[in-house]
Amino acid sequence: MGKKELDWSNIGFAYHTTEWRYVADFKNGEWQEGRLTEDPTVTLNECAGILQYCQEIFEGLKAYTTADGSIVTFRPDLNAERMIDSAKRMEMPPFPKERFLDALEQVIRANQDWVPPYGSGATLYVRPYMFASSPVIGVKPAQEYEFRLFVTPVGPYFKGGAKPITLCVSDFDRAAPRGTGFIKAGLNYAMSLHANVTAHANGFDENLFLDPASRTYVEETGGANFLFVTRDKEIVTPLSDSILPSITRRSLMYVAEHYLGLKTTTRKVRLDELKDFAECGLCGTAAVISPVGRIVDHNDIINFPSGMDEMGPVTKELYDTLTGIQQGTIEAPEGWIHKIL
Ligand SMILES: *Cc1c(COP(=O)(O)O)cnc(C)c1O
């Protein structure tokens with residue numbers, strides 16, 4: 001065994017099969033013992049709950065190599081907890097936190113040759129997920145479920161520097177008030193595909209979704225939360241019950257306050273006040289922060305002062321600090337770095 005010979009900086013974001021993944025079944029009212037398997041396929045009854053009524057949830061995190069050569073993950077306890085919240089909303093049996101962390105550890109250890117080296121910018125993306133596996137035809141929660149966790153190497157999110165992107169204010173909505181916007185469920189993504197394809201066809205990188213009830217407030221994009229920087233360097237993030245609580249965003253807010261001494265505020269953010277912000281970024285596991293240079297609302301164009309060439313200065317400081325914490329070059333808050341090997 002030894003590191004895989006991959007062109008780490010050019011593998012992109014695509015699925016590569018690795019040797020091992022973890023599977024556990026929920027049967028007879030309880031989670032059964034889990035196991036590692038080399039089989040990447042799933043065999044299901046044609047009437048399985050996931051196939052008919054979309055009962056599925058997932059998580060996403062990364063394993064990577066730090067400056068001192070350790071293999072670690074970042075705050076996986078929060079992914080485990082968020083998956084429990086998602087399960088409850090979807091009437092699925094929560095997968096216990098300790099077992100989630102154990103599955104994560106087992107799969108990363110078994111696939112350690114796939115963890116990209118320090119400095120490559122590439123990471124091993126980890127995908128835990130759970131779905132209804134038993135047959136359901138009348139609409140109700142299934143009796144049986146499968147929890148799985150696999151890994152796939154992914155290349156650096158930004159090649160040759162983080163270029164600001166352009167968003168459009170979507171004519172479609174992402175998450176209903178009192179709906180499922182705050183959980184990580186495949187169904188939220190299935191219904192966003194049309195909006196994404198439409199935005200791309202119109203030349204935009206991503207959608208900005210508004211609150212569906214009043215279409216007045218900013219929510220998030222299809223897969224990342226917003227951070228705004230005011231002209232006085234205050235960090236603002238939108239408040240809403242239908243935003244997915246990004247672990248990256250929560251970590252950046254902590255970093256802003258405790259490492260950079262910036263004021264942070266979570267509040268409703270109106271679409272018509274976006275023009276007053278100095279910088280804008282999108283936060284998520286994949287990119288940490290993607291800088292936003294421009295937002296187009298039909299005939300109205302907002303150009304942030306940070307421009308279309310580089311990240312804004314405060315966004316960059318946040319980005320450098322959090323990635324430094326993740327990579328082990330800046331001291332991390334207690335419990336943030338979960339060492340696997
Ligand atoms: C996963 C996800 C995010 C980002 O969350 P992280 O925990 O930072 O990766 C943001 N919005 C949506 C809708 C998501 O599904």
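Numbering starts at 1 and runs along the sequence shown. Since the model is a prediction, treat every value here as computed from it, not as a measurement. First listed ligand is number 1; within each ligand, the first listed atom is number 1.
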Practice task
Report yes if some heavy atom in the side chain of Ile57 is under 4.5 Å from a heavy atom in the side chain of Lys184; otherwise report no.
Solution key: no
Exercise for the section: Check for a donor-acceptor pair, side chain of Ser120 on one end and backbone N or O of Pro116 on the other, with a separation under 3.5 Å. Expected result: no
Handout entry: Those residues that, when tested against Leu252, pass side chain to side chain contact (heavy atoms under 4.5 Å, CB included) (two or more places apart)
Key = Leu227, Thr248, Cys283, Ile289, Leu318, Leu322
Handout entry: Pro164 and Arg294, any side-chain heavy atoms less than 4.5 Å apart
Key = no
Handout entry: Lys/Arg-Asp/Glu bridge criterion (N-O < 4.0 Å) met for Asp320, Lys316
Key = yes
Exercise for the section: For Glu220 and Asn225, test the side chains for any donor-to-acceptor distance below 3.5 angstrom and give the result as yes or no. Expected result: yes
Problem - Set of residues that line ligand 1, where lining means a heavy atom lies under 4.0 Å from it - result: Arg82, Arg174, Lys184, Tyr189, Glu220, Gly222, Gly223, Ala224, Asn225, Leu244, Ser246, Ile247, Thr248, Gly284, Thr285
